Amino acid sequence: MVAKSLSVLTALRAEIIEGTIPAGTRLKEEAIAARFGVSRVPIREALLQLESEGFIQTEKYKGATVSTRSQREVVELMQVRRGLEVLAATLAAEARGGERADDLRAIVEQGRRAGDAGAVEELPPLILEFHQVVARASGNTELIRMLDGLLRRIAWGFELELEDRIDTSWADHAAIATAILGGSPVQAGYLMDEHIRKDERIYRRHAAPSGT
């Protein structure tokens, strides 16, 4: 039952993040159960988890609906993210990447190759993975858990103009990784802070009404 709930959860979360299931969509238990070939029990468990993560909201007599988010909510999430990721980078640098040092080197190299090849479609999952690896390199279990959910929520509906950021984004990642692996906590934290502030500025610019 746990495996079925996790499978449904993973699929629905990915489709919401990608926009395949847009904001405002009603999620009917019977339709989802038929689609996945399972009973309603794992569907309910998956929907409860999605609600706790902020992806859906439920109302009495109306059921579950994919959430809509305001610009203010996204900005607030990004501000929280910045604080947590700076902490993660700092702790990761104190441990010089710890057991995740090789993973960090590998993901930066993958991103560099994708950028050099102009393979923009490969970058979103690599960007998410880079930040997840940094979180895991912190060695702080609670921080890892908090950032995992937060990064997914921010990825939802927040698409950057990646073609314009390939070089600078992966240059940022490489610099952060170098500071972490070199054991420079202050530098790693500063670079992560600057990197995420760029995302915040880009989001504010693209979210602003045209003509303002």
Side-chain angles (χ1 to χ4, degrees), residues 13-14 16-19 23 53-55 67-93 97 100 103-104 107-116 118-138 140 143-181 184-210 212:
R13 184 198 285 127
I16 292 172
I17 290 174
E18 293 165 1
E53 294 176 358
F55 289 106
S67 302
T68 57
R69 300 188 305 169
S70 68
Q71 180 183 352
R72 177 179 176 179
E73 288 171 331
V74 177
V75 169
E76 288 178 350
L77 282 173
M78 295 180 82
Q79 289 171 338
V80 173
R81 170 205 176 189
R82 176 155 42 91
L84 293 179
E85 288 221 67
V86 168
L87 174 59
T90 300
L91 293 176
R100 298 289 178 173
D103 294 339
L104 193 56
I107 192 63
V108 170
E109 179 61 18
Q110 288 179 55
R112 185 191 65 75
R113 289 178 180 174
D116 288 346
V120 181
E121 71 283 354
E122 296 180 13
L123 288 176
L126 290 176
I127 289 171
L128 177 61
E129 187 176 352
F130 171 81
H131 290 279
Q132 289 174 329
V133 170
V134 172
R136 290 169 188 147
S138 74
N140 185 307
L143 185 57
I144 294 167
R145 180 185 61 78
M146 293 170 69
L147 271 173
D148 184 62
L150 191 60
L151 288 169
R152 292 183 187 281
R153 290 178 68 189
I154 289 172
W156 172 36
F158 175 40
E159 298 197 8
L160 305 179
E161 292 185 339
L162 291 171
E163 294 90 343
D164 297 333
R165 299 184 66 245
I166 288 174
D167 293 337
T168 58
S169 179
W170 285 100
D172 287 355
H173 290 164
I176 292 166
T178 297
I180 290 173
L181 297 171
S184 302
V186 174
Q187 184 180 23
Y190 172 79
L191 291 172
M192 181 65 83
D193 181 83
E194 288 297 301
H195 174 64
I196 297 174
R197 283 181 187 274
K198 290 180 184 178
D199 281 357
E200 291 179 20
R201 288 193 292 271
I202 290 170
Y203 176 77
R204 290 174 188 271
R205 186 172 69 246
H206 286 277
S210 58
T212 60

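Given the structure is predicted, the values throughout are model-derived calculations rather than measurements.
Contact record, Ala188 with Ala93: CB-CB, 3.9 Å, taken as the closest heavy-atom pair. Of all the heavy atoms in Ala177 and Val108, the pair that sits closest is CB-CG2, 3.7 Å. Between Ile196 and Met78 the shortest heavy-atom distance is CG2-O, 4.4 Å. Contact between Ala88 and Ser138 at its shortest, heavy atoms only, is O-CB, 3.6 Å. Scanning all heavy atoms of the two residues, the minimum distance from Leu126 to Ala114 falls at CD1-CB, 4.1 Å. Smallest separation of non-hydrogen atoms from Ser67 and Ala23: O-CB, 3.3 Å.
If you take CG on Leu84 and CE on Met146, they are separated by 5.0 Å, rounding to the nearest 0.5 Å. To the nearest 0.5 angstrom, Arg100 atom CZ is 13.5 Å from Leu181 atom CG. Ile127 contributes atom CD1, which lies 11.5 Å from atom CD of Glu129 (distance to the nearest 0.5 angstrom). The CZ atom of Arg136 lies 12.0 Å from the CG atom of Leu104; values are rounded to the nearest 0.5 Å. Distance check, rounded to the nearest 0.5 Å: CH2 of Trp170 to CD1 of Ile107 gives 5.5 Å. Between the CD atom in Gln187 and the CD1 atom in Ile180 there is a gap of 10.5 Å [rounded to 0.5 Å].
The salt bridge (Lys or Arg N to Asp or Glu O under 4.0 Å) pairs that include a residue from residues 82-92 are Arg81-Glu85, Arg82-Asp193, Arg82-Glu200, where partners are two or more places apart or lie in different chains.
In this structure, the side chain to side chain donor-acceptor pair (under 3.5 Å) partners of Gln132, at least two apart in sequence or on a different chain, are Asp148.
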>> Show, in sequence, the C-alpha distance, side-chain angles and deciding distance for Asp172 and Leu191, and conclude whether the side chain to side chain contact (heavy atoms under 4.5 Å, CB included) test is met.
In response: CA-CA 7 Å; Asp172 287 355; Leu191 291 172; over 6 Å; no
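The aromatic rings of His131 and His173 lie perpendicular to each other, with more than 60° between the two planes, well past the 30° mark.
A salt bridge is absent between Lys198 and Glu194; no separation between the charged side-chain nitrogens and carboxylate oxygens falls under 4.0 Å.
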